[in-house]
Amino acid sequence: MQVRVFKDKDAASEAAFDIIKDSMANGAKVLGLATGSSPVTLYDKMTASDLDFSNMTSVNLDEYVGLSGDNDQSYRYFMNSHLFNKKPFKETFVPNGLATDADNEPARYDQVIANHPIDVQLLGIGRNGHIGFNEPGSPLDGGTQKIKLTQSTIDANARFFADEKDVPTYAYSMGIGSIMKGKKIILLAFGEDKADAIKATVEGPVTTDCPASVLQNHKDAIILVDEAAASKLSK
């Protein structure tokens with residue numbers, strides 16, 4: 001695991017952009033993408049660039065259960081708005097929040113991942129150390145699953161919804177085992193409220209209590225953080 005600390009999220013996002021650009025130049029064809037506030041600056045840099053993504057495939061981490069892709073709080077809508085509508089990809093995959101067979105959707109998405117091995121996997125991190133929506137306690141070798149969100153995650157997401165009762169309580173998420181199959185992993189974290197999670201990820205034991213700690217076992221994981229997110233690291 002490599003940890004790089006930057007002055008601010010713009011500088012860290014620029015570094016992430018350079019990694020993606022270099023990976024594409026070296027033959028990367030599939031990007032595993034994330035939603036949330038952490039990757040927005042990176043996506044802005046991608047859309048402002050002259051990079052051509054028309055031969056690229058994207059496989060997203062997660063989607064809320066119960067939201068359609070045209071719901072403005074869905075992750076499909078987020079990706080379309082921030083990236084895909086501005087930089088078309090050859091193919092884009094996001095779990096189906098309205099899957100009629102909720103028991104089959106994880107297996108279907110695992111097949112998507114198997115058919116499109118991920119070259120570069122982008123991650124954010126939750127305050128409780130979750131990656132994707134793999135909450136504490138999730139198996140470190142698991143595949144896609146339907147996950148009941150913790151109250152802390154629901155609380156963190158509530159700011160995006162008009163009423164807290166509208167916040168979804170379940171999500172489909174690529175599993176940690178699938179995330180770990182990505183050839184290269186980039187994790188972005190910004191702000192003091194991510195400092196505890198980053199410390200546990202980098203310096204704590206590998207444990208399901210902090211799902212992101214499993215990245216210590218990955219052969220090519222890069223943690224890009226601003227000074228605030230790195231503030232509790234001892235090294």
Side-chain angles (χ1 to χ4, degrees), residues 9-10 12-99 105-106 108-126 131-134 144 157 159-161 168 171-175 178-179 181-190 222 224:
K9 70 178 178 181
D10 186 76
S13 298
E14 186 70 31
F17 173 79
D18 288 342
I19 293 168
I20 290 173
K21 181 178 180 179
D22 291 347
S23 296
M24 290 172 60
N26 288 313
K29 293 296 184 185
V30 182
L31 302 180
L33 297 180
T35 53
S37 58
S38 297
V40 169
T41 301
L42 168 60
Y43 293 156
D44 288 344
K45 292 178 182 297
M46 290 168 69
T47 59
S49 77
D50 59 3
L51 283 184
D52 180 8
F53 294 91
S54 62
N55 287 318
M56 298 294 291
T57 295
S58 69
V59 182
N60 256 73
L61 282 168
D62 42 29
E63 178 61 282
Y64 287 123
V65 172
L67 296 191
S68 67
D70 57 5
N71 184 300
D72 63 6
Q73 294 303 322
S74 75
Y75 286 163
R76 164 58 76 178
Y77 188 97
F78 176 101
M79 292 305 305
N80 288 346
S81 300
H82 286 282
L83 186 58
F84 301 148
N85 289 346
K86 302 171 185 177
K87 283 285 189 179
F89 280 57
K90 181 175 70 174
E91 291 182 287
T92 63
F93 296 96
V94 179
N96 180 8
L98 294 184
E105 179 62 11
R108 185 196 70 82
Y109 206 67
D110 279 340
Q111 191 59 54
V112 168
I113 298 165
N115 292 343
H116 304 86
I118 294 169
D119 295 302
V120 182
Q121 176 65 62
L122 182 67
L123 299 173
I125 186 170
I131 47 178
F133 270 129
N134 294 284
T144 303
N157 292 340
R159 68 187 187 278
F160 301 115
F161 291 82
Y172 294 117
S173 180
M174 185 187 298
S178 299
I179 290 171
K181 291 177 183 175
K183 295 173 187 173
K184 182 188 292 289
I185 295 177
I186 304 168
L187 186 147
L188 300 173
F190 309 125
I222 305 169
L224 306 178

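In this text the structure is predicted, and so the values were computed from the model without any measurement.
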**Prompt:** Is the closest side-chain heavy-atom distance between Tyr43 and Lys86 below 4.5 Å?
**Reply:** no
**Fill in**
Interatomic distance, CD1@Ile125 vs OG@Ser38, rounded to 0.5 Å, equals 9.0 Å
**Asked** Has the side chain of Asn80 got a donor or acceptor atom that lies under 3.5 Å from a matching backbone atom of Asn85?
**Response** no
**Prompt:** In terms of side-chain heavy atoms, does Ser68 have a donor or acceptor partner in Arg76 at a distance below 3.5 Å?
**Reply:** no
**Request:** Evaluate the side-chain contact (heavy atoms from CB on, under 4.5 Å) criterion for residues Ile222 and Ile185: first the C-alpha distance (whole Å), next the side-chain angles of each, then the deciding distance (0.1 Å), finally the verdict.
**Result:** CA-CA 6 Å; Ile222 305 169; Ile185 295 177; over 6 Å; no
**Message:** Ring-plane angle category for Phe78 and Tyr75, please: parallel below 30°, perpendicular beyond 60°, tilted otherwise.
**Reply:** perpendicular
**Whether Asn71 side chain and Leu67 backbone form a donor-acceptor pair below 3.5 Å** = no
**Request:** Measure the spacing between CG of Asn96 and CD of Glu105 and express it to the nearest 0.5 Å.
**Result:** 5.0 Å
**Prompt:** Checking Asp22 side chain against Ile19 main chain: does a donor-acceptor pair fall under 3.5 Å?
**Reply:** no
**Request:** Before giving the answer on side-chain contact (heavy atoms from CB on, under 4.5 Å), spell out for Thr57 and Thr92 the whole-Å C-alpha distance, their side-chain angles and the decisive distance to 0.1 Å.
**Result:** CA-CA 6 Å; Thr57 295; Thr92 63; over 6 Å; no
**Fill in**
In short, Ala34 meets Leu61 closest at the heavy-atom pair CB-CD1, 3.7 Å
**Fill in**
With Tyr64 as partner, the option from Phe160, Phe133, Tyr172 fulfilling ring pair (Phe, Tyr, Trp, His ring centres under 6.0 Å) is Phe133
**Asked** Which distance, rounded to the nearest 0.5 Å, do you find between the CG of Asp18 and the OG of Ser13?
**Response** 11.0 Å
**Message:** Any heavy-atom pair between the side chains of Ser74 and Glu63 that's under 4.5 Å?
**Reply:** yes
**Item:** Interatomic spacing from CD in Gln111 to CZ in Phe93 - rounded to 0.5 Å
**Value:** 11.0 Å
**Prompt:** Is it true that atom NZ of Lys87 has more than 12 heavy atoms of other residues, nucleotides or ligands lying nearer than 6.0 Å?
**Reply:** yes
**Item:** Test item: Leu188 and Phe190 side chains (from C-beta on) under 4.5 Å apart, heavy atoms
**Value:** yes
**Request:** Rounded to the nearest 0.5 Å, what's the gap from CD on Glu14 to NZ on Lys21? Could you check?
**Result:** 9.0 Å
**Complete:** Note: Met174 and Asn60 closest approach over all heavy atoms is CE-O, 3.8 Å
**Request:** Please name the pair of heavy atoms, one in Lys45 and one in Phe17, separated by the smallest distance, quoted to 0.1 Å.
**Result:** O-CE1, 3.9 Å
**Asked** Would a 4.5 Å heavy-atom cut-off, applied to side chains only, mark Ile20 and Leu42 as touching?
**Response** yes
**Prompt:** Could you walk me through whether Met24 and Leu51 pass the side-chain contact (heavy atoms from CB on, under 4.5 Å) check?
**Reply:** CA-CA 9 Å; Met24 290 172 60; Leu51 283 184; 4.2 Å; yes
**Asked** Can you name the closest pair of heavy atoms from Leu224 and Ala12 and give their distance?
**Response** CD1-O, 3.7 Å
**Complete:** Rounded to the nearest 0.5 Å, the CD1 atom of Ile131 sits from the OG atom of Ser173 at a distance of 8.5 Å
**Prompt:** Is a side-chain donor-acceptor pair under 3.5 Å present for Thr144 with Asp110?
**Reply:** yes
**Message:** Is any side-chain heavy atom of Pro168 closer than 4.5 Å to one of Val65?
**Reply:** no
**Where Met56 and Val30 come nearest, the two heavy atoms and their spacing** = CE-N, 4.0 Å
**Message:** Run the side-chain contact (heavy atoms from CB on, under 4.5 Å) test on Ser54 and Lys90 for me, step by step, so that the C-alpha distance in whole Å, both residues' side-chain angles and the decisive distance to 0.1 Å come before the verdict.
**Reply:** CA-CA 5 Å; Ser54 62; Lys90 181 175 70 174; over 6 Å; no
**Prompt:** For Leu83, which of Thr35, Leu33, Leu31, Asp44 qualifies under side-chain contact (heavy atoms from CB on, under 4.5 Å)?
**Reply:** Leu33
